[in-house]
Amino acid sequence: MSASLSMSATLSPAAVAPRVSAPRRASARSPLRLRAAQTAEAATKPSANAKPANDTMIRAAKGEKVDRTPVWLFRQAGRHLPEYMAYKETTGKNFLELLKDPKDVAECTLQPARRYDIDACILFSDILVIAEAMNIDVEMPGGKGILVPHPLAGPEDLSRLPETVDVQDKLGHVIEAVKEINRAIEAENLGVPLIGFSAAPWTLFYYMVGGSSKKNTDAGKRWMAEHPEASREILDRLTTVVIDYLDAQINAGVHMVQVFEAMCEHIDEPDFHEFAYPCIERIAREIKARHPDVPLLGFARDAGAYGLEALQKAGYDVMTVDRVMAGDEARACLAKEAAARGSEPGQVQGNFNPDLLHKDPEKGGDEAAIEAAVREMIGAFGPQKYIANLGSGLMGWESPEKVAFLVDTIHKVSEEMIAAEK
């Protein structure tokens, strides 16, 4: 999934044998001087969408006061949008093929921001691009989820993995997509920030050794039990690449980054602390050292209280809450962990039930049910130091009209609650 450039030169038929000559100083109008001047100008020129007009999401992620609760949605781009399905048909590309072209990525990223009043875009990508960059084949046949046809069988397969990855080489198309997205956000006056993201090392490891959401769900735990040192080596390599990948996204212009530890369902709490936590802690420490003002969001899905506590202890600014617990419980959990360290609790994100957005009236909720659920959710979390989101991602069967109503209702209800507090 890397982009490459090739250049070729041709000699005229009259070309003579080459001769060696002394190096020439670059003239004021030479290509060398021009390139240097262009590079210097680019370095000082502000990047596109550097300061979004709507910075509510950024301020909420930093714990600052806002006039309304910001909202974005997991998998807000993609299958539930008619325009996405039409774009795939028009281009003739599948999901993985779309990810290879920065212009396709930008188009898919912006589609939900054109339709909904969301407060951020998120990079249209996949959690396993790092696995692919580390020589692991990834397939996504329709309706079967993620498949890794040749997983790591044992420690002998570590030779298949590079020690590290040059992300500008292997993932340069993603980095270029970040720039393309920000240029498009600015050109279309959408005025919202861009979220970058990566899967966390344990999640990557889980897939790379043969796990999936439906089959071989014990693969990760079995690998760690049978090959603990090799597991740590792989996780350490993955952590280095994740850090460099997030760093490159930030340098390219994303305004905050989300780390997805999506497979906590398939690791128990002791193994999480022994194998997964050191990785997410190192990521937070390194990213905060390089970019102290960039909000860092974390999601330890299905890990419950210990996942939230671990993310906060590791240094994440925003802890994502799934459907495992209510907002007030999450707040209390984080307050207790912070107090034990003599610190202040961080911000939270979550956790609307996407089932209410189903387009089938018998499976989803009506507008009254959606608004009632929004009021309950924001009432539990509180409208400040909070980013509204889903408890799990959109799946493709949601009604765009219900999604639009959800977004607008979150804004309306939170504005009412904040105004009432003044």
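Since we're looking at a predicted model, the values are computed, not measured.
- In this structure, Glu376 places its CD atom where only 12 or fewer heavy-atom neighbours from other residues, nucleotides or ligands lie under 6.0 Å away.
- Ring centroid separation for the pair Phe124 and Phe95 comes in under the 6.0 Å cut-off.
- Checking each of Val407, Ile410, Val71 against Asp119 for a side chain to side chain contact (heavy atoms under 4.5 Å, CB included) leaves exactly one that passes, namely Val71.
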task: Report the C-alpha distance between Arg290 and Asp244 in whole Å, list the side-chain angles of each, state the deciding distance to 0.1 Å, and finish with yes or no for salt bridge (Lys or Arg N to Asp or Glu O under 4.0 Å).
output: CA-CA 11 Å; Arg290 300 182 194 186; Asp244 290 345; 3.5 Å; yes
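- The shortest distance between side-chain heavy atoms of Val321 and Leu308 falls below 4.5 Å.
- More than 12 heavy atoms of other residues, nucleotides or ligands lie within 6.0 Å of NZ in Lys288, so this atom counts as buried by the packing criterion.
- At least one side-chain heavy atom of Asp101 sits less than 4.5 Å from a side-chain heavy atom of Lys93.
- Rounded to the nearest 0.5 angstrom, Gln76 CD and Ile195 CD1 are separated by 7.0 Å.
- Classification of Glu398 and Lys402 as a salt-bridged pair fails, no side-chain N sitting under 4.0 Å from a carboxylate O.
- Between Asp355 and Arg323 there is no salt bridge, since no side-chain N of the basic residue sits under 4.0 Å from a carboxylate O of the acidic one.
- With salt bridges taken as basic N to acidic carboxylate O contacts below 4.0 Å, one links Glu229 and Arg232.
- Taking a cutoff of 4.0 Å between a charged side-chain nitrogen and a carboxylate oxygen, Lys103 and Glu180 qualify as a salt bridge.
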- request: Take Arg183 and Glu176, measure what salt bridge (Lys or Arg N to Asp or Glu O under 4.0 Å) needs, and give me the verdict at the end.
  value: CA-CA 11 Å; Arg183 287 192 289 265; Glu176 180 55 37; 2.9 Å; yes
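- In summary, the side chains of Gln111 and Glu83 do not present any donor paired with an acceptor at a separation below 3.5 Å, with no hydrogens or angles considered.
- Closest non-hydrogen pair, Gln168 versus Ala248, comes out as NE2-CB, 3.8 Å.
- Residue Glu156 places its CD atom among more than 12 non-hydrogen atoms of other residues, nucleotides or ligands, all under 6.0 Å distant.
- Counting only N and O atoms by type, the side chains of Gln258 and Gln349 include a donor and acceptor under 3.5 Å apart.
- At a threshold of 4.0 Å, the pair Lys221-Asp218 does not count as salt-bridged, since none of the basic side-chain nitrogens sits closer than that to a carboxylate oxygen.
- Nearest approach of Ala314 to Glu281, heavy atoms of both residues: CB-CA, 3.8 Å.
- Side-chain contact annotation: Arg375 with Thr409, donor-acceptor N/O pair under 3.5 Å absent.
- Using a 4.0 Å cut-off between charged nitrogen and carboxylate oxygen, Lys336 and Glu309 do not count as a salt-bridge pair.
- At most 12 heavy atoms of other shown residues, nucleotides or ligands fall within 6.0 angstrom of atom CD in Glu344.
- The closest side-chain donor-acceptor pair between Asp55 and His255, if any, does not fall under 3.5 angstrom.
- Using a 30° and 60° split on the angle between ring planes, Phe299 and Phe74 fall in the parallel class, below 30°.
- Note: Ile250 CD1 to Ile175 CD1 = 10.0 Å, rounded to the nearest 0.5 Å.
- To the nearest 0.5 angstrom, Ile387 atom CD1 is 4.0 Å from Met57 atom CE.
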